[in-house]
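Each chain gets a letter, A, B and so on, in the order the sequences are listed, and its residues count up from 1.
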There are 2 protein chains.
Amino acid sequence: MARSMHVRRPATLASLAAELGVSRTTVSNAYNRPDQLSPELRRRVLDTARRLGYPGPDPVARSLRTRKAGAVGLLLTENLSYAFRDPAAIGFLEGLALACEDAGTGLLLVPANPEREDVASVHRAGVDGFVVYSVPDDDPHLAAVLERPVPTVVCDQPDLGTVDRVGIDDRGAMYELARHLIGLGHRRIGVVCMRLARDRNDGFVTPDRQHAAHFHVQRNRLSGLAEAFSEAGVDWSQVPVAERFDHNMASGASGAAQVLDRDPGITALICTSDVLALGAMNEAARRGLRVPHDISVTGFDGIRAGEEAGLTTVRQPVLEKGRAAGKLLLDANERTRPRSVNLATELIIGKTSAGPRGGAEERWFGP
Amino acid sequence: MARSMHVRRPATLASLAAELGVSRTTVSNAYNRPDQLSPELRRRVLDTARRLGYPGPDPVARSLRTRKAGAVGLLLTENLSYAFRDPAAIGFLEGLALACEDAGTGLLLVPANPEREDVASVHRAGVDGFVVYSVPDDDPHLAAVLERPVPTVVCDQPDLGTVDRVGIDDRGAMYELARHLIGLGHRRIGVVCMRLARDRNDGFVTPDRQHAAHFHVQRNRLSGLAEAFSEAGVDWSQVPVAERFDHNMASGASGAAQVLDRDPGITALICTSDVLALGAMNEAARRGLRVPHDISVTGFDGIRAGEEAGLTTVRQPVLEKGRAAGKLLLDANERTRPRSVNLATELIIGKTSAGPRGGAEERWFGP
DNA sequence: TGAAAGGACCGTAACGGTTCAGAACCAATT
DNA sequence: AATTGGTTCTGAACCGTTACGGTCCTTTCA
């Protein structure tokens, strides 16, 4: 009702002051510093405000003057809705939201369509800082963020040296997982990984592409695998690595299928995420392969659904990652150098990994 | 590096214009309307900007001038992180995020701690509109939103008549579900519902409290149940209704326990959400009750986990709800009257509901 | 050759606040 | 009577931009 009554010029702090015959300062104080004026006058100001339909100081104008937006921006280069499909991303969001809430700060999800090169949304975002979560390191949106004169925290990204960073030791964690499989006797393996760059490549990964991957996380996980298996005498360049652009169980299944078609003799299928691993297990089942009897399957992340399936994986503290990113950003004072936080991971030995059945022999004669 | 070089007064559009010897308008045009100046000058402007470390027009100042924030606010009165735990809320968020993304608009999660009555965060939010999702109808944050002179869409809230609304027919859907159970022969039932008001009440619900519930959704679902069962001759005031403040499986379990302790003879346990229902099923199992052989259990929402469990429930299009809310908000033009959208629901008969075993007799003699 | 058209750029006036250094006033202290 | 201290309110500067309505100069065309 009040909404439709004052169709004329909306009231402003100035017009309210004029109406009351006081200064703008006084009206401002009525809202922001009640102790700066007498209670009676304050009441009169607030009453008149209500009568005139003045909704209180304009947030944008206030932000301009105070140089505080009261919000942090989150950049994730994906269809924004992707974040709400991926369990790990949801965990990260939750942690970040917690940190923001504690600080009474808003969280602005910045739309950054990876298809378009349109970085205007980054320029338009009125925020006090940015969190950048798992975008390719050559992403133009990331570049745009870095040019904004506000503190920034990158997460699951390479250390840029200039801004704060939160992450885990993807390489080391995957190395450890690989050591587990190697210890079990696996030498003939296949890999399914997430997208390595901005272009879609649903197929095998060349060594070049692997090396030049623009997604820090994937690059490091693969590199951890390569190191461990090379040390164990496996020729990494011969290991089939299937890449999938979309991150869902269907991709895991089709990636597993592609790898198994290429080399039906593999004894372990290593996936760079739990979601992919769960899909891979479906595909294994479809082919009549028993896990882990006929083939071992491993994941990465430690999501709930994987846990329920008894998946062997690396658990990473996704919620803590979000929270740490938020905290880092929100207390970004003038320190000497950017901070870099590595959170601990944990290798979870589930029931999807075991020694290779027919492989005992090969261990002695194989490559 | 560039980040730390210009510690002096940061460059502004005006200082850049002064440096170049052109007007501020021209610099502005260089960024916003390339066709309004010659390519050479534009290049010169942009180059000088880079040299001076000018990051482009300030988003807040621009917002003030253009009266566009490029973002919509989302209010959900809960620990903000709750939204990322509840599958239905996640679906809603995803839909809303999709709509925002399509429009190139940001989505600002407004921190609204239900504990504090602090509505400052609502006042501080620089947004072009609000979406309010499932908050109690007497929530001060909601009141604060309604006083802001921006378009608003409420979702899962009563129709205020003054702003757009998106929802489902909670009452009718639950009525239909109740009819299903009644048709199976159930007369002795128990209910577990989500919080009905802002105060914590983990216990049975009085008829008064039920009637005065401040959560529109819960009020209507209960009312649908009451109507159906009253029609079937059940004295609704005697039906045990356990309320739980927290919305998780543990609450479902403890609510179920409370109801079953009160009346071990119930043949059906109706929960107002799938999450609660899944918890209730755990409790039933703990007590050695087979579902649906010994007791029927029903939910509401149609979440994935419920589907996998074969839960009898009402499926509601949560993603569509979010998307619809976003669309409504983003094309809020000057229309005659506020719009109200009801989305369709679907009764899902799963394998958690069946006829009561020992109840056939009671149907004839019972109340 | 004169008029009309069009491109390139500019000056001014908002946009709606916050902040800080005082001014004005009054009561209490020296 | 002069000084001090406290409360209450004011004036003016400033935050960084874009909208609006020009001006000026060069072309184009009859």
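Remark: A:R62 is in phosphate contact with C:dT18, judged by side-chain N or O atoms under 4.0 Å from OP1 or OP2. Between B:R67 and the phosphate of D:dT18, there is no side-chain N or O to OP1/OP2 separation shorter than 4.0 Å. Distances shown here put every side-chain N or O of B:T12 at or beyond 4.0 Å from the OP1 or OP2 atom of D:dG16.
Using cut-offs of 30° and 60° for the angle between ring planes, the B:Y133 and B:F92 rings count as parallel.
The base of C:dT18 is not paired with the side chain of A:T25 by any donor and acceptor separated by under 3.5 Å. In terms of polar N and O atoms assigned as donor or acceptor, the side chain of B:R65 comes within less than 3.5 Å of the base of D:dT18 in a complementary pairing.
Atom CZ of B:R195 is surrounded by more than 12 heavy atoms from other residues, nucleotides or ligands within 6.0 Å.
B:V135 has its side chain within reach of B:Q157: a pair of non-hydrogen atoms, C-beta onward, lies under 4.5 Å apart.
Nearest nucleotide to the side chain of B:T26, out of C:dT18, C:dG16, C:dC10: C:dC10. Taking every side-chain heavy atom of B:R24 into account, C:dT12 is the closest of C:dT12, C:dG17, C:dT19. In this structure, of D:dT10, D:dG16, C:dG17, it is D:dT10 that holds the atom nearest to the side chain of A:V22.
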Exercise. Passes salt bridge (charged side-chain N to carboxylate O under 4.0 Å, His left out), B:R339 versus B:D331? Steps please.
Worked result: CA-CA 12 Å; B:R339 295 159 291 183; B:D331 97 332; 3.1 Å; yes

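Looking at B:D164 and B:K327, no side-chain N of the basic residue comes within less than 4.0 Å of a carboxylate O on the acidic one, giving no salt bridge.
Atom CZ of B:R43 and atom P of C:dA8 are 16 Å apart (whole Å). Atom pair A:L16:CG and D:dT10:C1' shows a separation of 16 Å (rounding to whole Å applied). The interatomic distance linking B:L20 (CG) with C:dA8 (C1') rounds to 15 Å, in whole Å. The interatomic distance linking A:R44 (CZ) with D:dC9 (C1') rounds to 12 Å, in whole Å.
Shown here for A:L328 and A:R165, the closest heavy-atom pair between the two residues is CD2-O, 4.0 Å.
Within residues 27-41 of chain A, the residues having any heavy atom under 4.0 Å from DNA chain C are, by residue number, A:S28, A:N32, A:R33.
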